[in-house]
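Worksheet: one structure, shown below.
Just so it is clear, the values below take in all heavy atoms, side chains as well, and ignore hydrogens, waters and symmetry mates. Counting begins at 1 with the first residue of the sequence. Since the structure is predicted, the reported quantities are computational estimates derived from the model, not experimental observations.
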Amino acid sequence: MPHLTTTGTQLSATGAERLGFGIPGYAHPLLAPVEWAELTRPGTPLHWVVLNVADGPGDRPDPHCLEAAGKLRNAGVRVLGHLDMAHGSRSFGDLIAEAHRYLEWYRIDGFLLDRCPTDRADLHEVRRTTATLEAVLDGGHLVLGHGSHPYPGYAEAADQLVTFSGPWTDYRWSQVAEWTADHPPERFVHFVHGVPRTHLEEATRIARWQGAGTIFFTDRTERRGQSSPFEALPGYWDEIVSQIGPGVSE
């Protein structure tokens with residue numbers, strides 16, 4: 001059973017009723033029209049959706065992505081641009097230039113900084129980037145896509161941290177870092193692929209117990225040479241939407 005890596009610490013249930021989806025980034029709207037259309041369905045508990053045009057904003061505005069982003073924003077859904085930090089190897093200038101293109105072309109509401117570093121040594125540069133993005137956005141929503149538990153100081157650098165991204169076989173036995181108990185569930189995100197339909201309720205219980213407020217579960221699996229398992233709707237989308245319950249985007 002997943003558990004805190006310390007004893008005697010209780011996770012707060014505060015925010016559990018706000019459990020909802022963060023969409024890591026579907027395929028291009030021309031390749032996944034059903035997926036993008038589903039995101040505007042009234043009552044779907046969406047916290048945000050990531051727009052990834054071409055491993056970033058691309059070289060020029062894409063009218064199909066602009067239309068998809070516009071429909072989501074008109075429906076009250078927060079749209080985030082995808083910025084790849086490449087574990088710290090991307091330059092500050094390149095990231096900020098991409099951020100400006102996202103804002104100019106798609107009027108996004110924030111960013112997912114994918115493949116964000118996790119070490120203490122990289123925190124200063126990440127803080128520099130997030131502080132600049134906050135100024136560029138004049139607020140907005142920032143998510144650090146670590147994929148695992150980072151050094152605790154990263155919690156002060158953004159609105160949310162992705163502290164798990166991986167397969168169900170790892171997630172069901174995963175442990176949550178002790179320091180996360182000092183923060184409310186709305187600060188943490190879990191992305192899990194390969195979740196069988198028969199284990200959906202268990203996966204949701206794990207997310208709540210570990211203190212995650214934003215999730216995305218899919219039955220699709222990661223295979224070498226194929227696209228991300230998160231780029232399409234899970235086969236049980238209707239079921240998981242019903243399980244979490246009706247909601248509104250934040």
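With contacts defined as side-chain heavy-atom distances shorter than 4.5 Å, the pair I23/L46 qualifies. Within the 4.5 Å cutoff, side-chain heavy atoms of T163 are placed close to those of P150. Side-chain contact check for T118 versus Y151: every heavy-atom pair is 4.5 Å or farther apart. Counting heavy atoms from C-beta outward, S148 and F164 have side chains that stay 4.5 Å or more apart. A 4.5 Å side-chain heavy-atom check between D219 and P234 finds at least one atom pair inside the cut-off. Counting heavy atoms from C-beta on, the side chains of F230 and T218 come closer than 4.5 Å. Within the 4.5 Å cutoff, the side chain of V143 has no heavy atoms near those of the L161 side chain. Looking only at side-chain heavy atoms (C-beta outward), Y26 and L39 come within less than 4.5 Å of each other.
To the nearest 0.5 Å, atom CG of residue D114 and atom OG of residue S165 are 7.5 Å apart. We find the SG-CD1 distance between C65 and I108 to be 13.5 Å, quoted to the nearest 0.5 Å. Considering CD of E239 and CD of E201, their distance stands at 8.0 Å, rounded to 0.5 Å. Atom-to-atom distance recorded for K71:NZ and L66:CG is 11.5 Å, nearest 0.5 angstrom. To the nearest 0.5 Å, atom NE2 of residue H82 and atom CG of residue D55 are 7.0 Å apart. Remark: L133 CG to L83 CG distance equals 6.5 Å, nearest 0.5 Å.
The two residues Y154 and L123 make their nearest non-hydrogen contact at OH-N, 3.3 Å. Of all heavy-atom pairs spanning T214 and G22, the tightest one is CG2-N, 3.2 Å. Across all their heavy atoms, R220 and A232 have their closest contact at NE-CB, 3.4 Å. Closest heavy-atom contact between W168 and G194: CB-O, 3.3 Å. The shortest heavy-atom contact between H141 and L80 is O-CD2, 3.8 Å. When all heavy atoms of I215 and A207 are compared, the closest pair comes out as CG2-CB, 3.8 Å.
Using cut-offs of 30° and 60° on the angle between ring planes, the pair W48 and F191 is perpendicular. Between W179 and H183, the ring-plane angle classifies as perpendicular under the 30° and 60° cut-offs. Aromatic ring orientation, F216 versus F21: perpendicular (interplanar angle above 60°, classes split at 30° and 60°).
Residues L51 and L31 do not share a hydrophobic cluster, clusters being chains of Ile/Leu/Val/Met/Phe/Trp/Tyr side chains in contact below 4.5 Å. Cluster annotation: V49 is not connected to L30 through the hydrophobic network of ILVMFWY side chains, with a link wherever side-chain heavy atoms come within less than 4.5 Å.
Sparse packing is recorded around CZ of R107, with 12 or fewer heavy atoms of other residues, nucleotides or ligands lying under 6.0 Å away.
Across T132, L142, D109, a single residue satisfies side chain to side chain contact (heavy atoms under 4.5 Å, CB included) together with L137, and that is L142.
Between D84 and R115 there is a salt bridge, since at least one side-chain N of the basic residue sits less than 4.0 Å from a carboxylate O of the acidic one. The pair R90-E98 meets the salt-bridge criterion, since a charged nitrogen lies less than 4.0 angstrom from a carboxylate oxygen. R187 has no carboxylate O lying under 4.0 Å from a charged side-chain N of D159, or vice versa, which leaves the two without a salt bridge. A salt bridge links R41 with E38: the closest approach of a Lys/Arg side-chain nitrogen to an acidic carboxylate oxygen falls below 4.0 angstrom.
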Working note: T204 + Q243, criterion side chain to side chain donor-acceptor pair (under 3.5 Å); need CA distance, chi angles, decisive distance, verdict. CA-CA 9 Å; T204 303; Q243 178 177 306; 2.6 Å; yes
Could you walk me through whether R128 and E125 satisfy the salt bridge (charged side-chain N to carboxylate O under 4.0 Å, His left out) test, starting with their C-alpha distance in whole Å, then the side-chain angles of each, then the deciding distance to 0.1 Å, before giving a yes or no? CA-CA 5 Å; R128 177 191 179 202; E125 187 63 22; 3.0 Å; yes
The test is side chain to side chain contact (heavy atoms under 4.5 Å, CB included); show your working for T130 and L113 and say whether it passes. CA-CA 9 Å; T130 57; L113 282 72; 4.3 Å; yes
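Remark: the E202 side chain and the H199 side chain contain an N/O donor-acceptor pair separated by less than 3.5 Å. Side-chain contact annotation: H28 with D62, donor-acceptor N/O pair under 3.5 Å present. Under the 3.5 Å distance criterion, with hydrogens and angles disregarded, a donor-acceptor pair is assigned to the side chains of H190 and Y171. For the residue pair H47 and Q160, no side-chain donor N or O sits within less than 3.5 Å of a side-chain acceptor on the partner. With 3.5 Å as the limit, one finds a donor-acceptor pair spanning the side chains of Q210 and S174.
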